[in-house]
Amino acid sequence: MEHSSDQKQLTLDKRYLRMARIWAENSYCTRRKVGAIIVRDSMIISDGFNGTPSGFENICEDETGNTKTYVLHAEANAITKVARSNNSSQGSTLYVTASPCMECAKLIIQSGIRRVVYNEVYRLTDGIDLLQRAGVEVTLIENLK
């Protein structure tokens with residue numbers, strides 16, 4: 001029996017989201033580990049996880065347990081990694097374990113990413129609202145089995 005293209009896309013989306021979830025395990029952050037993968041033309045062109053900038057100690061939280069203000073989100077790390085490569089994120093899909101915040105949504109729009117697939121809803125949804133307003137296709141997939 002042949003898979004419909006929608007079913008095939010859902011299967012791929014779940015697979016890439018599981019990979020983003022595994023990539024999140026690289027994060028040194030203790031409050032929340034987030035992973036992101038950017039896929040274009042069936043190739044992973046970038047990846048990222050939340051953490052401190054290059055050259056900083058790998059400690060995301062301060063003494064009180066709050067996330068340090070300079071911690072980069074997984075999406076920002078993946079997008080800036082593309083910027084340092086010879087790849088373009090134009091027309092790509094971003095797979096991220098948590099829904100993007102407003103700051104990351106702006107980066108996603110400006111980087112030409114056309115689809116965002118995510119696994120968990122973050123407490124604020126203004127990032128998702130902005131993506132939809134900009135015409136970026138946004139998909140929540142909660143069950144990755």
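Everything numeric here is computed off the predicted structure, so don't read it as measured data.
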- Could you grab the distance from atom CG of L17 to atom CD1 of I22, nearest 0.5 Å is fine? 11.5 Å

- Query: Does V116 offer a backbone N or O that forms a donor-acceptor pair with the side chain of T93 under 3.5 Å?
  - Reply: no

- Task: State whether the side chain of E120 and the backbone N or O of S99 hold a donor-acceptor pair below 3.5 Å, judged by distance alone.
- Result: no

- Query: Between T139 (side chain) and V117 (backbone), is there a donor-acceptor pair under 3.5 Å?
  - Reply: no

- Donor-acceptor pair, side chain of D41 and main chain of M43, under 3.5 angstrom: no

- In terms of heavy-atom contacts, does CD of Q110 have more than 12 from other residues, nucleotides or ligands at under 6.0 Å? no

- Query: In a check of side-chain contact (heavy atoms from CB on, under 4.5 Å) between Y16 and each of I141, I44, L94, which one passes?
  - Reply: I44

- Query: Would you find a donor on one side and an acceptor on the other, under 3.5 Å apart, between the side chain of S89 and the backbone of S92?
  - Reply: no

- Heavy-atom closest pair, residues Y118 and I128: CE2-CD1, 3.6 Å

- Check: S27/N50 side-chain N/O donor and acceptor closer than 3.5 Å: yes

- Check whether any side-chain heavy atom of Y95 lies under 4.5 Å from a side-chain heavy atom of V39, and answer yes or no. yes

- Task: Nearest 0.5 Å please: distance from the CG atom of N119 over to the CG atom of L140.
- Result: 7.5 Å

- Heavy-atom closest pair (A105 atom, G127 atom, distance to 0.1 Å) is CB-O, 3.4 Å

- Query: If only atom types and distance count, is the side chain of R40 paired as donor or acceptor with the main-chain N or O of S88 below 3.5 Å?
  - Reply: yes

- Message: Using 0.5 Å steps for rounding, measure from the CG atom of L12 to the OG atom of S5.
- Response: 11.0 Å

- Task: List the atom of K81, the atom of S46, and the distance in Å for their closest heavy-atom pair.
- Result: CB-OG, 3.3 Å

- Evaluation steps, side chain to side chain contact (heavy atoms under 4.5 Å, CB included), between L10 and K14: CA-CA 6 Å; L10 179 62; K14 287 182 175 184; 4.0 Å; yes

- Query: Say you draw a straight line from CE of M19 to CZ of R15; how long is it, rounded to the nearest 0.5 Å?
  - Reply: 9.5 Å

- Would you confirm whether R18, through its side chain, and L144, through its main-chain N or O, come within 3.5 Å as a donor-acceptor pair? yes

- Task: Go through I79 and I38 one step at a time and tell me if the side chain to side chain contact (heavy atoms under 4.5 Å, CB included) criterion holds.
- Result: CA-CA 8 Å; I79 290 167; I38 300 176; 4.1 Å; yes

- Closest non-hydrogen contact found for R32 with A98 is NH1-CB, 3.7 Å

- Query: In chain order, what residues pass the ring-ring contact (aromatic ring centres under 6.0 Å, His included) check against Y28, with sequence neighbours excluded?
  - Reply: none

- Backbone N/O of R31 and side chain of E61: donor-acceptor pair under 3.5 Å: yes

- Working for salt bridge (Lys or Arg N to Asp or Glu O under 4.0 Å), residues K68 and E57: CA-CA 12 Å; K68 294 177 181 175; E57 75 293 339; 2.9 Å; yes

- What is the minimum heavy-atom distance between G35 and A24, and which atoms define it? N-CB, 3.3 Å

- Any link between I109 and V82 through a network of hydrophobic side chains (Ile, Leu, Val, Met, Phe, Trp, Tyr) touching at under 4.5 Å? yes

- Query: Roughly how far, to the nearest 0.5 Å, is the CG atom of L72 from the CD atom of E103?
  - Reply: 11.5 Å

- Query: Is the backbone of C29 close enough, under 3.5 Å, to the side chain of K33 for a donor and an acceptor to pair up by distance?
  - Reply: yes

- Item | Exercise: do S4 and D6 side chains pair donor with acceptor under 3.5 Å | no

- Nearest non-hydrogen partners of V34 and A74, listed with the distance: O-CB, 3.4 Å

- Task: Take L131 and I108 through the test side chain to side chain contact (heavy atoms under 4.5 Å, CB included) and record every step on the way to the result.
- Result: CA-CA 8 Å; L131 290 171; I108 290 164; 3.6 Å; yes

- Query: Can you tell me how far CD1 of I59 sits from OG1 of T67, rounded to the nearest 0.5 angstrom?
  - Reply: 13.0 Å

- Task: Using a 4.5 Å cut-off on heavy atoms from C-beta on, say whether the side chain of V136 contacts that of R115.
- Result: no

